[in-house]
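Report on the following structure.
Small disclaimer: the values here were computed from a predicted structure and weren't measured. A note on names: the letters A, B, ... follow the listed sequences, proteins ahead of strands, and every chain is numbered from 1.
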Protein chains: 2
Amino acid sequence: MSLHEVPNIAPRCGDCPIRHRAVCARCETDELAQLDAIKYYRSFEPGQTVVWAGDRMDFVASVVTGVATLTQTLEDGRTQMVGLLLPSDFVGRPGRPNAPYNVTATTDLLMCCFRKKPFEDLMGRTPHIAQRLLEMTLDELDAAREWMLLLGRKTAREKIASLLAIVARRDASLNLRTPSGRMAFDLALTREAMADYLGLTLETVSRQMSALRRDGVIELEGKRHVIVPDYDLLLDEAGDDADGGYLP
Amino acid sequence: MSLHEVPNIAPRCGDCPIRHRAVCARCETDELAQLDAIKYYRSFEPGQTVVWAGDRMDFVASVVTGVATLTQTLEDGRTQMVGLLLPSDFVGRPGRPNAPYNVTATTDLLMCCFRKKPFEDLMGRTPHIAQRLLEMTLDELDAAREWMLLLGRKTAREKIASLLAIVARRDASLNLRTPSGRMAFDLALTREAMADYLGLTLETVSRQMSALRRDGVIELEGKRHVIVPDYDLLLDEAGDDADGGYLP
DNA sequence: CAAAATCCTTGACGTAGATCAAAGATACGC
DNA sequence: GCGTATCTTTGATCTACGTCAAGGATTTTG
């Protein structure tokens with residue numbers, strides 16, 4: 001349910017195959033046991049919908065493997081992606097019965113779910129979980145606002161470059177990155193999904209990807225595997241924000 | 001720090017002239033006293049900056065009267081508004097030392113501030129304040145995502161209509177609204193601020209405002225006072241989202 | 001009350017990205 | 001191996017919105 005740098009340093013959550021950035025960062029073993037008691041797994045195929053906007057959603061979850069998206073649509077079918085869920089990201093909101101957006105798997109997707117009621121109870125008993133959730137939600141809000149800048153003011157080329165930079169950065173924590181700016185990753189999104197992310201059409205996305213390749217900013221192997229020979233060059237293209245980004 | 005319907009039903013916070021949606025919704029009198037002890041007021045003139053992006057921000061605050069904006073900028077000066085603060089809205093984030101965005105007064109502005117350290121301490125002691133803050137942050141996130149749909153997929157005319165509908169709705173709780181859809185309000189934003197909100201240029205905003213007037217969707221008295229003869233008509237123009245909006 | 005800011009409107013024109021259309025890649029089933 | 005479906009690329013054209021420019025309205029200042 002977010003988009004930023006993910007340190008992925010949280011301790012393992014019981015026997016759960018993923019490090020629950022969401023709920024485990026400061027968990028005591030006792031709490032981990034309680035989380036384990038209420039968790040279960042669900043898997044989805046590419047294209048499958050996890051929940052429809054407006055539907056009751058009686059669980060919260062974090063992504064174990066795969067990619068999911070949050071999307072919003074207008075009556076006439078125009079759609080805008082409003083969230084991109086990568087492994088360790090969290091979906092769902094304690095205190096809200098219904099899902100505000102469509103949640104869709106774009107790849108094979110495994111989610112670790114917690115039934116909402118017991119999760120909320122646990123949250124009520126352990127204040128630091130609520131605090132952690134607040135922290136995460138604030139991160140998401142920052143990401144959403146960065147995204148707003150992209151949607152409102154960046155050119156198509158800058159949008160593409162920014163998206164690639166974001167995905168590359170997320171992958172960088174896991175994947176190989178040479179000391180130079182060279183890095184490679186797979187883009188788990190179709191051109192259409194990229195377009196929905198960026199507020200463009202898929203044709204424009206395709207054209208701009210070709211243009212970036214032509215200009216040597218990126219290399220493409222097949223359609224989805226991207227190589228960034230010089231990360232700084234990509235960031236230049238992305239026209240990243242002034243105001244220096246805020247200090248830690 | 002958000003954009004939705006604000007019921008404004010929270011009890012008064014001590015002698016504070018505003019109902020602190022943020023921190024008082026479920027406050028005990030004891031906690032109110034503690035909040036009162038650490039609060040102070042600051043006022044700003046139109047155009048004045050409350051904090052610069054990146055600067056240390058050692059308080060959280062809620063807007064008492066007036067309007068403020070959160071903006072982000074690219075190096076070349078392109079700017080995007082990412083938050084609109086109306087009375088009762090909350091700014092600032094416990095746990096983060098620096099402000100991520102520029103906060104600027106667009107009218108005369110009075111803020112009720114709480115020094116961050118004591119506020120955080122209080123939050124640590126009273127879990128429901130953290131919960132309330134989480135709730136508010138989730139509301140903001142929803143608003144940000146609605147805004148993303150606007151920025152990414154709506155036409156200029158729809159953008160304007162959506163903005164007017166949002167402001168009208170915020171005002172509706174305070175202002176007069178006849179049983180029919182007729183309503184009137186003052187727009188505390190310049191054309192340029194509207195443009196920054198909507199990801200447009202000020203010329204396009206001006207043209208679309210004129211077009212909406214010409215088409216009888218709105219009436220204008222002077223530049224800032226807007227009359228909406230038929231609110232449903234405005235909502236049609238705004239091309240509001242499908243998926244029915246989620247049920248309460 | 002003139003002079004100078006601001007803020008807003010309107011026009012003429014250019015362009016980035018949308019739309020429409022066709023065809024190449026790649027994968028999948030039989 | 002061939003047909004079908006999905007995804008992607010590329011081209012030709014259109015258009016909504018941006019850019020540049022001029023001129024009102026309204027307020028502020030001296």
Side-chain angles (χ1 to χ4, degrees), chain A residues 45-48 74 76-80 104-108 150-163 186-215 218-226 237 239, chain B residues 45-48 67 74 76-80 104-108 150-161 163 186-215 218-226 237 239:
Chain A
E45 295 175 359
Q48 209 182 340
L74 297 167
D76 61 6
R78 284 176 285 176
T79 102
Q80 175 65 51
T104 314
T106 65
T107 63
D108 281 310
L150 177 149
L151 289 171
R153 295 301 187 191
K154 289 188 181 176
T155 65
R157 168 182 271 244
E158 288 169 335
K159 285 178 174 181
I160 301 275
S162 296
L163 172 55
D186 280 305
L187 202 50
L189 301 173
T190 65
R191 297 288 184 258
E192 188 180 21
M194 292 173 69
D196 286 344
Y197 185 110
L198 300 170
L200 297 171
T201 60
L202 67 92
E203 292 95 329
T204 298
V205 171
S206 181
R207 269 186 258 270
Q208 294 297 336
M209 289 288 284
S210 301
L212 287 173
R213 177 167 42 73
R214 228 183 357 263
D215 299 347
I218 61 172
E219 292 164 27
L220 288 173
E221 263 170 25
K223 288 137 203 300
R224 301 291 189 80
H225 191 76
V226 182
E237 296 290 341
Chain B
E45 295 175 359
Q48 209 182 340
V67 178
L74 297 166
D76 61 6
R78 284 175 285 178
T79 102
Q80 175 65 52
T104 313
T106 65
T107 63
D108 281 308
L150 177 149
L151 289 171
R153 295 302 187 191
K154 289 187 181 176
T155 65
R157 170 183 270 244
E158 288 170 335
K159 285 178 174 182
I160 301 275
L163 172 56
D186 280 305
L187 202 51
L189 300 172
T190 65
R191 297 289 184 257
E192 188 179 21
M194 292 174 70
D196 286 343
Y197 184 111
L198 300 170
L200 297 171
T201 60
L202 68 92
E203 293 94 330
T204 298
V205 171
S206 180
R207 270 187 258 270
Q208 293 296 337
M209 289 288 285
S210 299
L212 288 173
R213 177 167 41 74
R214 230 186 352 266
D215 298 348
I218 61 172
E219 292 164 27
L220 288 173
E221 263 171 24
K223 289 133 202 302
R224 301 290 189 79
H225 190 76
V226 181
E237 297 289 342

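Between A:Ala156 and A:Gly222, the residue anchored nearer the 5' end of DNA chain C, judged by the nucleotide with its closest heavy atom, is A:Ala156. Mapped onto DNA chain D by nearest heavy atom, B:Arg157 and A:Arg214 fall at different nucleotides, with A:Arg214 at the one closer to the 5' end.
Among all heavy-atom pairs drawn from A:Lys223 and A:Arg191, the shortest one is O-NH2, 3.0 Å. For the residue pair A:Ala161 and A:Glu237, the shortest heavy atom distance occurs at CB-CB, 3.7 Å.
Counting non-hydrogen atoms under 4.0 angstrom, B:Arg224 reaches the backbone sugars and phosphates but no base. No engagement by B:Gly47 is indicated, since no non-hydrogen atom pair under 4.0 Å with the nucleic acid exists. Within 4.0 Å of B:Thr201, counting heavy atoms only, lies at least one base atom of the nucleic acid.
Proximity note for B:Ser210 (side chain, C-beta onward) versus D:dT19, C:dA18, C:dT9: the nearest is C:dT9. Set against C:dG17, D:dT26, D:dT8, the side chain of A:Arg191 has D:dT8 as its closest nucleotide.
Look at B:Arg207 and you won't find any side-chain N or O under 4.0 angstrom from OP1 or OP2 of C:dT10. Under 4.0 angstrom from either OP1 or OP2 of D:dC17 there lies no side-chain N or O belonging to B:Thr204. For B:Ser206 and C:dC8, the shortest distance from a side-chain N or O to OP1 or OP2 is not below 4.0 Å.
None of B:Thr201, B:Asp196, B:Leu200 except one satisfies the side-chain contact (heavy atoms from CB on, under 4.5 Å) rule with B:Leu198; the exception is B:Leu200.
The nearest whole Å value for the distance from the CD atom in A:Glu221 to the P atom in D:dT8 is 16 Å. Rounded to an integer number of Å, the gap from B:Leu202 CG to D:dG24 C1' is 15 Å. Across the protein-nucleic acid pair, A:Gln208 atom CD and C:dA16 atom C1' stand 9 Å apart, rounded to whole Å. Summarising the geometry, the separation between NE2 on B:His225 and P on D:dA25 is reported as 21 Å, rounded to the nearest angstrom. Here the C1' atom of nucleotide D:dA21 and the CD atom of B:Glu203 are 10 Å apart, to the nearest Å. Rounded to whole Å, atom C1' of D:dT10 lies 11 Å from atom CZ of A:Arg213. In this structure, B:Leu220 atom CG and D:dA25 atom P are separated by 16 Å, rounded to whole Å. Counting to the nearest Å, the C1' atom of D:dT19 and the CZ atom of B:Arg78 are 14 Å from each other.
A:Ser162 contributes a side-chain N or O that, together with a main-chain N or O of A:Glu158, makes up a donor-acceptor pair within less than 3.5 Å. Using modelled atom types, one side-chain atom of B:Arg78 and one backbone atom of A:Arg153 make a donor-acceptor pair closer than 3.5 Å.
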